> 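Structure in structure tokens, see below.
Below, chains carry the letters A, B, ... as their sequence lines are ordered, and counting in each starts from 1. Both backbone and side-chain heavy atoms feed into the values below; hydrogens, waters and symmetry mates do not. This structure is a prediction, so every number in the text was calculated from the model and none was measured.
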Amino acid sequence: MSNRSITLLQRVDNATEQLNSKFTDIVNSAKVSSKDKSALAMETYLVEESTSAMVRSLEDLLFVTRSLKEAWILGQIRPVVNKPEDGGEGQLADELLDKIEDTSDGVDKETA
Amino acid sequence: MSDIKVTLAVEDRAENQDTLSISEIVPRIVAERKSFVDVTEESLLEEIANCVADSADDNVKDEVDEKPDESPFDQHRLKLLENVKAAYNESALALDFVSLLISSVRPTSASTSMSPHLKTHIPVGSLGADRVPAPQVANEPGVGIGWKIESLTNARDRLKTCASRLRTEAAKEKTYWAGVASIAATGEVLFKVRNSDTRGLGIKYGFGDAGSKYRDPGIGVLKRSATGTVDFEPKEEVQKKFVRVTIKSEEGEVTKSVSNVYTRDSKPPTDPTLAAIHETRHALFEEELFFEIAREARLLTSRKVTVADGAVTVDLGEGDMVVIEWVEVPEEPTTTFAPSLANLFVLALRLLLANAHRQQLEKMRTPPAPLQSKGGPNPNPPLPILRPLLAHILHKRLVSRARRSLYLLSTTHSGLSFEITTNNSTDKESSSLGRLMAAPVSNLKIKFSDKGNAKVVIPSPLQSHQSMFDVTMFKGTSQETVTSHTGFHELVELEEWVRWAADRSEPKKSN
């Protein structure tokens, strides 16, 4: 895996983790227990801050899709041709060789 | 007194003098008057009397002098000084207060920072301090709930607006990338742009990859418009102009034909962005074409090619002229191609530029020549665009003139016969442009009855190192024994020579 895909995956992970944790923060600070005013004020601020962080993570996710598209357009992404379940590397070449051999068989038969 | 007045704080002096302590006043007086030894009662009285007399004058003087100084700068300076003083005062008071407070705990260290005034008036350690427990704020659950609800509502609203914004953003992204993909599918060269001001996708619409070395590399940016569609923006503005050729005769009096075609697609793309890219590319091609023609025209001034008034004028002789201009594309361009002479001419020019691009590309592919210590040939010579065309046109005109005059000679001189062959065979593989890229060569064979024959080679008229007519004279009818070899630069010279040679071979016959 290239460095680029690792960074992109990390970005996705970070963003989802942020979304989760910040939402948990909001829910946690939503409850009103017997606290003094300063603690309450701090919690209200925390809610606000967590919202901003969530928005930023969402924008980050959008950026990931954008850079993926850009890489695709510029041909920096190679679609996986030889998947392991298809037989891995060399499978297509083997098939091609089989076909070529078939045709030469055909030619042999014709000439024979 | 007068030199004391020069100091910055004149206004403060009078009031300060009253407030200053003796310890401050005495050194100042010493600084002004030196020692007290010379001071007597009489001198002081005299001085005071003078001072009173002067003060009236001074007041008048001051009024006159200080009025122009009432500039905003001075006002601000005074205000600033005032503020600085006030701040100093405040900080001194604060230092005194803190020192006094600490003095109850650490009398020795605190007394060093106390002002002498405080020390004398208030005993050290007379101010005490103690912690006071904060009053218990009454727990008001209503307020807390209100705040929470408010903040949660805000958070909800923000997330909602953000979601809708991101949704439209995603839709815009989709249309943008679909547009980009459709452009990329047509084979356009896209690349990443990472400048400080622009980030995004760049497009290379110029002919750099095709071998062009024009100054404008033809680079643009694909931007996302407000609605999400792809906006094409060339880096350098390309003028929508095209090369127009006008063919005139009778010293430019009569216009024979005007070209009305310009480079365009036979089927313009329906996508507006793609159409804009193509249009800019064609405009760039036309710009380069005219630039190269003008560059080449400077070399051809000896061939009656002039560059003036934004047009290249080629004088073909016999009153015929070709005017090449770079003009605006008309509002309603013609879509059909009329095979007029001017249209064909301009078409040939375009083909020649494309061919020159190809040649340059070939040159770029080959390994470079070794560096020369002495200046080698011009690294950026003008491209052959006008020259091949001109060579053929002028050559053909020259040959037809030669044919005409030789025909006239053959009518008066019996036994004189001639034959002109133009070399039309071309090496097909060397050039896709046929004989246009090959230098024109014509061979002229003249027979002077049985006495002799001559072979005249007429090369390209643009070759200055060769004579216009390369004549070789042979004895008899075969081309074995060379009797003479010469070259002529003018048709008249050739005519003279042919007449002379014909006359020489004729008299014997008449005898």
> For B:Lys174, does the NZ atom sit with more than 12 other heavy atoms under 6.0 Å from it, leaving out its own atoms?
no
> Under a 4.5 Å cut-off applied to non-hydrogen side-chain atoms, are A:Val55 and B:Leu166 in contact?
no
> Heavy atoms only: give me the nearest A:Leu40-B:Trp147 pair and the separation to one decimal.
CB-CE3, 3.9 Å
> Is B:Leu190 close to chain A through its backbone or its side chain, or both, or neither, when contacts mean heavy atoms under 4.5 Å?
both
> When you look at CZ of B:Arg215, are more than 12 heavy atoms from neighbouring residues, nucleotides or ligands closer to it than 6.0 Å?
yes
> Checking heavy atoms, do the side chain of A:Thr65, its backbone, both or neither come under 4.5 Å from chain B?
neither
> CZ of A:Phe23: more than 12 outside heavy atoms within 6.0 angstrom?
no
> Working to the nearest 0.5 Å, report the span between CD of A:Glu59 and CZ of B:Arg165.
4.5 Å
> Does A:Ser29 offer a backbone N or O that forms a donor-acceptor pair with the side chain of B:Lys148 under 3.5 Å?
yes
> Any chance NZ of B:Lys235 has more than 12 other-residue heavy atoms, nucleotides or ligands included, within less than 6.0 Å?
no
> Could you measure the distance from the CG atom of A:Leu58 to the CG atom of B:Leu159? Nearest 0.5 Å is fine.
7.5 Å
> With a 4.5 angstrom heavy-atom cut-off, is it the side chain or the backbone of B:Phe191 that approaches chain A, or both, or neither?
backbone
> More than 12 non-hydrogen atoms from neighbouring residues, nucleotides or ligands closer than 6.0 Å to CZ on B:Arg358, yes or no?
no
> If you count heavy-atom pairs within less than 4.5 Å of chain A, which of B:Ala170, B:Ala181, B:Ala155 leads?
B:Ala155
> Stepwise, does the side-chain contact (heavy atoms from CB on, under 4.5 Å) test hold for B:Leu201 with A:Leu74?
CA-CA 9 Å; B:Leu201 280 176; A:Leu74 298 177; 3.9 Å; yes
> Of the backbone (N, CA, C, O) and the side chain (C-beta and beyond), which part of B:Arg156 lies under 4.5 Å from a heavy atom of chain A, both, or neither?
neither
> Counting C-beta onward and ignoring hydrogens, is there a side-chain heavy-atom pair between B:Arg158 and A:Met54 closer than 4.5 Å?
no
